[in-house]
Amino acid sequence: MPVPKQRIATLLASGEPETEVELGGWVRTRRDSKHGFSFIELNDGSCMANLQIVVDADVPGYAETIKQVSTGSSVWIRGVIKESQGAKQRIELHAKSLTLVGTADPETYPLQKKRHSFEFLREIAHLRPRTNTFGAIARVRNCVCWAIHQFFQERGFLYLQTPLITTSDCEGAGEMFTVTTLLKPDSSATQPLPKNDKGLVDYTQDFFARHAALTVSGQLEGEIYATAVGPIYTFGPTFRAENSHTTRHLSEFWMIEPEMPFYSLSDNMQLAEEFIKFIIQSTLDRCGEDLQFFNDRIDNTVLETLNHILAHEFRRVSYTEAVDLLLQSNKEWEYPVEWGTNLQAEHERWLTEEHFKQPIIVYDYPRCIKPFYMYCNEDEKTVRAMDVLVPGVGEIIGGSQREDRLDVLTARMEEGGLNVEDYWWYTDLRRYGTVPHSGFGLGLERILLLLTGMQNIRDVIPFPRTPGHAGFGGNPY
RNA sequence: UCCUCGAUAGCUCAAUCGGUAGAGCGGCGGACUGUUAAUCCGUAGGUUGUAGGUUCGAGCCCUACUCGAGGAGCCA
C-alpha cells in the first residue's frame, strides 16, 4: 500500500477526472446491479461524504469478494477518477482492483444503515466513530483544539503544562480523586492501610509522602507562570470526583485556562468573548460541512445560533442587576431569588434563553458564595468573578480577577478556614512583585455542545468517564 | 446524593381490563435496477433486565436488586 495515502476529503474537493488513485477505507453500504457491477459507498473518516466506487464485474476477484464487501468491512481500491453519471456526486472512482482487507460479518456487526440511539452507540464506543455523527464530532473537536492554540499563540500566550497530580489540600473546585500506591489493583480489602496517631490514613508512607490527587484545575499553578513569563494558557484534562448524573458533567474533561498579568476583570471578559467568537468562526470556516450536518440532522438551530452569537456583543450583567431582573420577572421560581445566593440553573436559563436570548456575562458575584482567590471589590460585598452563560448549554466559562493584595488574600483564606501556610507559594506571588491578574476556564466539551447542538456531553468526548463508567465505552466492562 | 421515568427480536418501539408476544428497520434468500435512506416479494429471529411473590393464568399487579435516561445540587 503506497505512500502518500490519498484521502477522500481531498479527492472530493479537488480530484480531477482520469487521475489514477489508490486508497483504503470502510464500506458504508453496497448496492449491486445484476447487469454486472456494484456501487460501494466508501468512507475514510476524512470528511462527512462518502466516495462512490463503481466496481465492474471484470475487476479481478469481483465474483469471489463482492458479497463480502458488506457494511463495516475495510477495502483497498485502486482505480481511476471519473465524472459521475449520478446527480449526487461530482466524481466517483472506477475500480481497477479491489482488495477486501477486513470483513465485517453482517450478522454481528452492530452498526446498521439506520439511525441508532446515542445511548446504544455509547455502549459501543469503539465503533461509534465510524458513524456520520461521531466522525463529525471528532473532526469538529480537532478543529476546536487547533483554533484554541491558534488564538492564544497569535496573541503571544505561552502554552503551559500544569501538573495533573497535585498535592494542594484544597483547590476549592469540587471533590478530587486520590492518587495513591497504598492500594494496588490486586489488594485485598482486608489489607491494612498505614495509620497515623490520629487513626487517619498515613499518607507520609504513600508514594508522594503526602496526600496527592488528580487536578481539578491548573489555575493556581498557572498564576505562577503568568506572573513570570506573561500570559499563559493551559489545555489538558481535568478530573472531578463529583457524583454527577447530568448531560453537562464528566468526571474527566478537558479545560482551557488562560491566565494574564495586568488584566482587569473587564479585560478578562473581553478576552473570553473574543475567544469564544474566534472558536466559532474558525469552526464555521474549517468544518462547514460537518456543522451543516449537525444543523440538518441534530439541531436545526445550530447555525443560526452560532451566527447570532458572532453578530452580537455579549451582554454584561452584574449579579445584582441579574437578581433584580429575576425578581421583576414575575416568574414562579422553584428556588427563590435572593441576593447572596447562587443563581440556580432555572435562573441562568431564563436570563440567557428567554430574557436576553444571547450569551451573557454575569459579573461581580457576592463574595460569600465565591472562593478565596477572587478579588474583593471596594463595596466589600462582591468579588470580581464572571460567568459566561450561553443559551442551551448554560455556564461555559467561569473566571475572575485574582486577589493580588497579600493582606486581603490571607484574610479571605482565614475566613474560609484554610491553612494559609499550605499555600505559602501562592501567597509568595503576592509577597514578591505582585500584579493584578485575571483568568478563566473554558470547558472544551461544553463549547462542543454549543457548536454541534448535541444534547449530552458524554457524546462529544471520545471515551466519556462518568460515575460507574470508565471502560473504553460507556459500560463498565 | 436526592427526585422522576424506563428496561419486550440485532436496533427503534407496540401489545386494550391480567387471557395465544407484534411491527418497522437491519440480517438472510429471491426479483428488479447507473444505483445512492434504493424498491418489491419471501424468511428466520424471544426464558419480555435479574430474583422472588400474588393469581386458574403475569410483558402487564406487588417486593427487592441491577442497569439506563432525564432533572436537581456541584461546576467547566
Side-chain angles (χ1 to χ4, degrees), chain A residues 28-42 49-56 67 70-72 82-89 92 94 104-124 132 171-175 216-219 237-257 272 297 334-335 341-346 348-349 369-371 387-390 393-399 440-450 455-458 460-461 466-469 474-477:
Chain A
R28 284 294 172 78
T29 182
R30 188 193 82 232
R31 295 178 294 272
D32 296 329
S33 165
K34 278 297 180 300
H35 291 331
F37 59 95
S38 296
F39 296 100
I40 297 172
E41 291 287 332
L42 193 71
N50 302 321
L51 179 63
Q52 175 162 285
I53 316 286
V54 180
V55 190
D56 273 313
K67 282 287 177 194
S70 57
T71 300
K82 299 277 189 188
E83 278 181 35
S84 180
Q85 298 172 33
K88 298 201 174 180
Q89 57 276 320
E92 61 193 20
H94 288 225
D105 183 358
E107 296 275 3
T108 59
Y109 185 62
L111 293 175
Q112 304 169 355
K113 290 187 298 178
K114 57 167 283 191
R115 199 182 176 84
H116 289 291
S117 69
F118 293 130
E119 289 83 1
F120 172 68
L121 291 172
R122 236 170 266 153
E123 294 171 6
I124 51 168
N132 285 336
E171 295 187 4
E175 294 292 314
V216 294
S217 166
Q219 179 202 318
T238 304
F239 308 89
R240 304 273 166 94
E242 301 287 348
N243 197 8
S244 298
H245 292 96
T246 78
T247 53
R248 78 211 93 75
H249 290 87
L250 291 165
S251 309
E252 175 184 288
F253 63 98
W254 286 65
M255 186 155 68
I256 300 93
E257 294 182 286
R297 303 293 290 270
E334 191 181 340
Y335 294 89
T341 62
N342 270 311
L343 297 179
Q344 301 293 313
E346 58 169 342
E348 294 184 345
R349 233 180 289 120
I369 57 170
K370 287 293 181 183
D387 284 350
V388 178
L389 311 177
V390 297
V393 180
E395 182 179 346
I396 201 168
I397 276 179
F440 61 81
L442 168 78
L444 176 65
E445 286 77 19
R446 289 201 177 162
I447 201 162
L448 281 166
L449 292 178
L450 176 69
Q455 295 290 304
N456 196 313
I457 201 163
R458 291 175 278 231
V460 293
I461 187 168
T466 54
H469 300 276
N475 275 349
Y477 293 149

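Protein chains get the first letters and strands the later ones, always in sequence-line order, with residue 1 at the start of each.
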Legend entry - A:L51 versus A:E92, closest heavy-atom pair with distance: CD1-CA, 4.4 Å

Legend entry - Distance-only donor-acceptor test (3.5 Å): side chain A:Q52, base B:U35: yes

Inset, instruction - Indicate whether any N or O donor in one side chain lies under 3.5 Å from an N or O acceptor in the other, for A:T247 and A:N456. - result: no

Legend entry - Exam field: side chain A:R446 to backbone A:E395, donor-acceptor pair closer than 3.5 Å: yes

Inset, instruction - Report yes or no: is there a donor-acceptor pair, N or O only, under 3.5 Å between the side chain of A:H116 and the base of B:C11? - result: no

Inset, instruction - Compare side-chain N and O positions of A:R458 against OP1 and OP2 of B:G70 and report whether any pair is under 4.0 Å apart. - result: yes

Inset, instruction - For A:I457 and B:C74, give me the distance from atom CD1 to atom P, rounded to whole Å. - result: 17 Å

Legend entry - Nucleotide B:C32, atom P - distance to CZ of A:R31 in whole Å: 19 Å

Inset, instruction - Compare side-chain N and O positions of A:Q344 against OP1 and OP2 of B:G73 and report whether any pair is under 4.0 Å apart. - result: yes

Legend entry - Under-4.0 Å side-chain N/O to phosphate OP1/OP2 contact, A:T247 with B:G71: yes

Legend entry - Base partner of B:C60, which must satisfy Watson-Crick or wobble distances under 3.5 Å: none

Inset, instruction - Output yes when at least one side-chain N/O atom of A:K88 is less than 4.0 Å from OP1 or OP2 of B:G34, else no. - result: no

Legend entry - Distance test, side-chain N/O of A:R122 to OP1/OP2 of B:A69, below 4.0 Å: yes

Legend entry - Rounded C1' spacing from B:U8 to B:G24 in Å: 15 Å

Inset, instruction - Could you tell me the separation between the CZ atom of A:R115 and the P atom of B:A37, rounded to a whole number of Å? - result: 16 Å

Legend entry - Stacked pair A:F253-B:A76, distance under 5.5 Å, angle under 30°: yes

Legend entry - Mate of B:C5 where both pairing distances stay under 3.5 Å, Watson-Crick or G-U: B:G68

Inset, instruction - Quickly work out the A:L343 CG to B:A72 P distance and round it to whole Å. - result: 14 Å

Legend entry - Atom P, compared across B:U50 and B:A9: separation rounded to whole Å: 11 Å

Inset, instruction - Indicate the ring-plane relationship of A:F120 and A:H116, choosing parallel, tilted or perpendicular according to the 30° and 60° boundaries. - result: tilted

Legend entry - Spacing of the P atoms in B:A14 and B:G73 (rounded, Å): 31 Å

Inset, instruction - Ignoring backbone atoms, test whether A:N342 places a side-chain nitrogen or oxygen under 4.0 Å from the OP1 or OP2 oxygen of B:C74. - result: yes

Legend entry - A:I40 CD1 to B:A38 P, straight-line distance once rounded to whole Å: 15 Å

Legend entry - 5' precedence on RNA chain B between A:T29 and A:E92 (nearest-nucleotide basis): A:E92

Legend entry - C1' gap between B:C32 and B:A69, integer Å: 43 Å

Legend entry - Residue pair A:D32 / A:S38: nearest heavy atoms and the distance that separates them: OD1-OG, 2.7 Å

Legend entry - hbond_proxy A:Q89 side chain to B:U35 base (donor-acceptor, 3.5 Å cutoff): yes

Inset, instruction - Just call it for A:T238: base, sugar-phosphate, or nothing, with non-hydrogen atoms closer than 4.0 Å on any strand. - result: nothing

Inset, instruction - With a 3.5 angstrom cut-off on both distances, give the Watson-Crick or G-U wobble partner of B:G26, or none if there isn't one. - result: none

Legend entry - Partner nucleotide of B:U54 by Watson-Crick or wobble geometry (both distances under 3.5 Å): none

Legend entry - B:U36: pairing nucleotide in any strand, Watson-Crick or G-U under 3.5 angstrom: none

Inset, instruction - Report yes if at least one side-chain N or O of A:S117 is closer than 4.0 Å to OP1 or OP2 of B:U12; otherwise report no. - result: yes

Inset, instruction - Measure the distance from CG on A:N243 to P on B:C3 and round it to the nearest whole Å. - result: 14 Å

Inset, instruction - Establish, with yes or no, whether the OP1 or OP2 oxygen of B:A72 is under 4.0 angstrom from a side-chain nitrogen or oxygen of A:R248. - result: yes

Inset, instruction - Could you pick out which residue, A:E83 or A:Q112, lies toward the 5' side of RNA chain B when each is mapped onto its nearest nucleotide? - result: A:Q112

Legend entry - Length of the line joining A:E123:CD and B:C67:C1', which is rounded to integer Å: 9 Å

Legend entry - A:Q455 CD to B:A69 P, straight-line distance once rounded to whole Å: 14 Å

